[in-house]
Amino acid sequence: MTGAPIPQPLCRFQAASKWYGPVIGLNDLTWDLPPGITGLVGHNGAGKSTLIKLLTGQLRPSLGRVLVRGHRAWTAAARRHIGYCPDVDAFYEEMSGRAFVRMLARLHGFSSKTARERTDDVLDQVDMAERADRPLGSYSKGMRQRIKLAQALVHNPDLIVLDEPLNGVDPVGRVELIRLFRSLADRGKSLLISSHILDEMDTLADQILFICRGRMLASGSLDEIRALLDDHPLKVRIAAPRARQLAAELLRLESVRSAALESEGQLLLEVQRPKEFFGPLAAAVAEQACDVQRLQVIDASTEAIFDYLMETAKRPR
Amino acid sequence: MSVDTAGYRRWAGRQLPNALACWPIARSGLVLVLRRKLFWLLLALAALHFLFIFATIYLKFQIAAQNPGLERFVNQVLRSVTGTGETYREFMFRQGTVTMLVLAFAGGMLVGDDMRRGGLTFYLSRRIGRWHYVVGKLLAIGLLVSLTTTLPALVLYIEYGLLTNSFSYFRENLGILVGILGYGLVMAVTLALLLFALAAWLHKTVPLVMAWACLFVLLPALGELLQDVFDDRHWLLLSLWRDIRLVGTWFFGGIDTERELAMLNPSLAIVLGVCIVSTLALVPRVRAVRVVQ
């Protein structure tokens, strides 16, 4: 039987490794970039920059392959699918934002007229059209981020790689940029976002790739990864008036490992296999006619999961 | 227009070949340099010498036209503007000081800042290779060199030819045109490669100016001194600007003396050596990532 052809991933790492002399930057990474927004999380020196440089074709892997739409990442054919927004923002201070974006557009082979049109279009998208004629040196950090984003979008790439895109952006600007990222993802673009602000990843990323010392620790949605962490039971805090009775009821469930009464009316549960927990919890609450005022999963955030993964990675095998 | 209403359509036009990407890099580099008042001042200095020669040529023809009896006298007095290859070669050679100043200050802006501030990443993450970047920047430096040497020399050549009131000057002196272009090319390529390599390693303007001064002021002075001490003309080869001139003279077909002829091959070897070493030196710097040990 012949099925439909398997769609080619936009970007694929095949056993990719990168050494800098004796230092290993990325170690045997095999990974396909999923559609939507993917967060790239790791400590300093974990290999995030190496992964990004390999993906954007600025480095070649020492071993393995990095493919973008089937082309090797360092080729021109691959680079036209990628828009890169680096973390550096010290560019030509005397140049205007518009001239900067237009110059980089021309490097993609657009004629002068097309480059101008695309620049205007993309500056509109990042809400910089009004301010783009000022010199870059007079821009705030947030405006620089927008200009960097504009130059990454100017050739309409399929994949946008953003290195710390929200650094230095004020809260209002962050909301706007996150909305823009989401809008790009909704239009079928893939975004790979590296950030050390893990709180942002909770709301921003559909998938997360955790890396440590050049190796992939985990990849997938936060829920999926959290569910795989058997050694670290999920902590769930429940606020309910009859917490003691509810605890007694919930302790009967196999998935509940422990229950602690934090205060009168507040319960902290340790849950294994979360998927098997929430259904019976709802049933127990209904049976007890318990008025649950608040239910909070306190360690399913990117930060908590990252800490657990790091703890697991450091443990001797 | 809001983000949500912005159309995000696929572009269906024809993209230009990668090689043409060198030009926007060169152009933006030149624009950056010419935004600074300092460079306009230096270019004005370069223009002073040019205007002097330009006016001298004009004056010579005016005097000769109004009083033909004085033509021979004028030719003897204004030997520097005879319209031969030497006129243009000497003009280009004498533009050296101001050209060196322009390059010393431009190197940091054109190349050093890209290396120091990480601007290289913006270029290298696009669909161009690093050689496009290198060629683009070399083109920018080469154009700056040409702006103070080759271009004004060409203008003087055209002026001289037009003032003769016949095209025979151009027909008979095509070799001069080849000489100007050849000398200009040697100058542009050698200086561009050298400046790129130095700026890629030194990054900042001050160390770059100091290194440049060592190469083009200290070394020639040392060469003169050693020549006097050891009575050996080969020490003069330490002056790269002089070496370039000798190679350039070959393009004018004007190496007359045995002494100059004997120095031609060593000069050529030095110019080629500088180009090769500079190319080898810049290659490892034009990479996106450097490992900090």
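Just the heavy atoms: all of them, side chains too, but no hydrogens, waters or symmetry mates, feed the values below. Every chain is numbered from 1, with letters handed out A, B, ... down the list of sequences. Just so it is clear, the model here is predicted, and its values are computed rather than measured.
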Exercise for the section: Answer yes if the side chains of B/R130 and A/Q58 hold a donor-acceptor pair under 3.5 Å, and no otherwise. Expected result: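 Not at all, the side chains of B/R130 and A/Q58 share no donor-acceptor pair under 3.5 Å.
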
Handout entry: B/F54 atom CZ, neighbour heavy-atom count above 12 within 6.0 Å
Key =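 Counting neighbours around CZ of B/F54, 12 or fewer heavy atoms of other residues, nucleotides or ligands fall under 6.0 Å, so no.
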
Problem - Enclosure of A/R134 CZ (heavy-atom neighbours >12, cutoff 6.0 Å) - result: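 Atom CZ in A/R134 is crowded, with more than 12 foreign heavy atoms closer than 6.0 Å.
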
Problem - Pairs of heavy atoms under 4.5 Å with chain B: top-ranked of A/D186, A/T56, A/L104 - result: A/L104

Heavy-atom closest contact ([X] atom, [Y] atom, distance):
{"X": "B/I25", "Y": "A/L107", "value": "CG1-CD2, 3.5 Å"}
{"X": "A/M95", "Y": "B/S28", "value": "CE-CB, 3.7 Å"}
{"X": "B/R117", "Y": "A/E93", "value": "NH1-CG, 3.7 Å"}

Problem - Centroid-centroid distance, B/F122 to A/F100, less than 6.0 Å - result: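 Close enough - the centres of the two rings lie under 6.0 Å apart.
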
Which region of [X], side chain (C-beta onward) or backbone (N, CA, C, O), has a non-hydrogen atom less than 4.5 Å from a non-hydrogen atom of chain A, or is it both or neither?
{"X": "B/R27", "result": "neither"}
{"X": "B/R126", "result": "both"}
{"X": "B/L32", "result": "side chain"}

Completion exercise
In this structure, CD1 of A/I52 is separated from OG1 of B/T121 (nearest 0.5 Å) by 11.0 Å

Practice task
Evaluate the side-chain proximity of A/R79 to B/S125: yes if any heavy-atom separation is below 4.5 Å, no if none is.
Solution key: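 In short, these two side chains do not touch, never coming nearer than 4.5 Å.
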
Handout entry: Min side-chain heavy-atom separation A/Y92-B/V31 under 4.5 Å
Key =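 Result no, sub-4.5 Å side-chain heavy-atom pair not found.
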
